[in-house]
Amino acid sequence: QVQLVESGGGLVQPGGSLRLSCAASGISFRLFTMGWYRQAPGEQRELVATITPNDSTNYADSVKGRFTVSRDNAKNTVYLQMNSLKPVETAVYFCNADFGPFQAWGRGTEVPVSS
């Protein structure tokens with residue numbers, strides 16, 4: 001059974017920081033590109049960051065310099081460090097695992113950015 005479980009979400013003030021975690025099971029974690037996506041209310045889901053099995057990273061232009069994606073293969077976990085958060089980044093953040101035609105998604109974790 002494939003499972004991706006996000007954690008670490010919660011209310012954060014503008015300018016604050018948060019670290020999200022995604023624990024994977026049921027997949028050969030080291031072979032998958034892992035990613036973070038977000039969906040704000042009334043908007044399309046968008047890519048935030050990805051990290052390949054070779055630790056190559058890719059970020060949305062809007063988060064470059066503020067967010068960092070990393071992975072710990074020994075723990076089957078991918079992280080997203082988010083700094084200097086903005087209210088417009090209020091969204092449900094989803095973990096994604098990708099390997100060819102196979103994709104798996106987590107349930108999502110809410111990140112409200114508000115004072």
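Just so you know, residue 1 is the first one in the sequence shown, and it goes up from there. The structure displayed is predicted, hence computed values, not measured ones.
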**Q.** Residue Glu110 excluded, over 12 heavy atoms near CD under 6.0 Å
**A.** no

Q: Indicate the atoms forming the closest heavy-atom contact of Phe32 with Ile27, along with that distance.
A: CE1-CB, 3.7 Å

Q.
Do Val88 and Tyr93 sit in one hydrophobic cluster, given that two such residues count as connected whenever their side-chain heavy atoms are within less than 4.5 Å of each other, even indirectly?
A. no

Q | salt bridge (charged side-chain N to carboxylate O under 4.0 Å, His left out) contacts touching residues 1-18 (sequence neighbours left out) | A | none

Q: Starting at CG of Asn58, measure out to CG of Leu47 and round the result to the nearest 0.5 Å.
A: 6.5 Å

Q) Of all residues at least two apart in sequence or in a different chain, which pass the side chain to side chain donor-acceptor pair (under 3.5 Å) check with Ser25? A) none

**Q.** Axial cation check for Phe94 ring with Arg107, 6.0 Å and 45° limits
**A.** no

(Q) For a quick test of reading the model, state the closest non-hydrogen atom pair linking Ala104 to Val2 and the distance between them. (A) CB-CG1, 3.7 Å

Q) Should Tyr79 and Leu85 be counted in the same cluster of Ile, Leu, Val, Met, Phe, Trp and Tyr side chains packed under 4.5 Å apart? A) no

Q) If we only count heavy atoms from C-beta on, is the Asn96 to Gln103 side-chain gap below 4.5 Å? A) yes

**Q.** Under the salt bridge (Lys or Arg N to Asp or Glu O under 4.0 Å) test, residues paired with Asp55 that sit two or more places apart
**A.** none

Q.
Taking salt bridge (charged side-chain N to carboxylate O under 4.0 Å, His left out) as the cut-off, I'd like each qualifying pair that reaches into residues 27-46, sequence neighbours left out, listed once.
A. Arg38-Glu46, Arg38-Glu89

(Q) Please give me the minimum heavy-atom distance between Val111 and Leu18, naming the atom from each residue. (A) CG1-CD2, 3.9 Å

Q. Phe102, Val5: one ILVMFWY side-chain cluster at the under-4.5 Å cut-off?
A. no

Q: Supply the atom-to-atom distance Ser28 OG to Asn73 CG, rounded to the nearest 0.5 angstrom.
A: 11.5 Å

**Q.** Heavy-atom pair of closest approach, residues Ala40 and Thr90
**A.** CB-O, 3.4 Å

Q. Are a donor atom and an acceptor atom from the side chains of Asn83 and Ser17 found within less than 3.5 Å of each other?
A. yes

Q | Phe67 side chain reached by Leu80 side chain, heavy atoms, under 4.5 Å | A | yes

Q.
Quick test of your reading: applying salt bridge (charged side-chain N to carboxylate O under 4.0 Å, His left out), list the pairs with at least one residue in residues 70-85, sequence neighbours left out, ordered by first then second residue.
A. none

Q.
Could you report the tightest heavy-atom contact between Thr77 and Ser21, atom names first, then the distance?
A. CG2-CB, 4.3 Å

Q. Which residue, Val63, Thr50, Ile51, Val48, forms the side chain to side chain contact (heavy atoms under 4.5 Å, CB included) with Val69?
A. Ile51

Q | Heavy-atom pair with the smallest gap, counting every atom of Leu4 and Ala24 | A | CD2-CB, 3.5 Å

Q) Given side chains that start at C-beta, do those of Leu20 and Thr109 come closer than 4.5 Å, heavy atoms only? A) yes

Q) Which pairs with one or both residues in residues 33-59 pass ring-ring contact (aromatic ring centres under 6.0 Å, His included), sequence neighbours excluded? A) Tyr37-Trp105

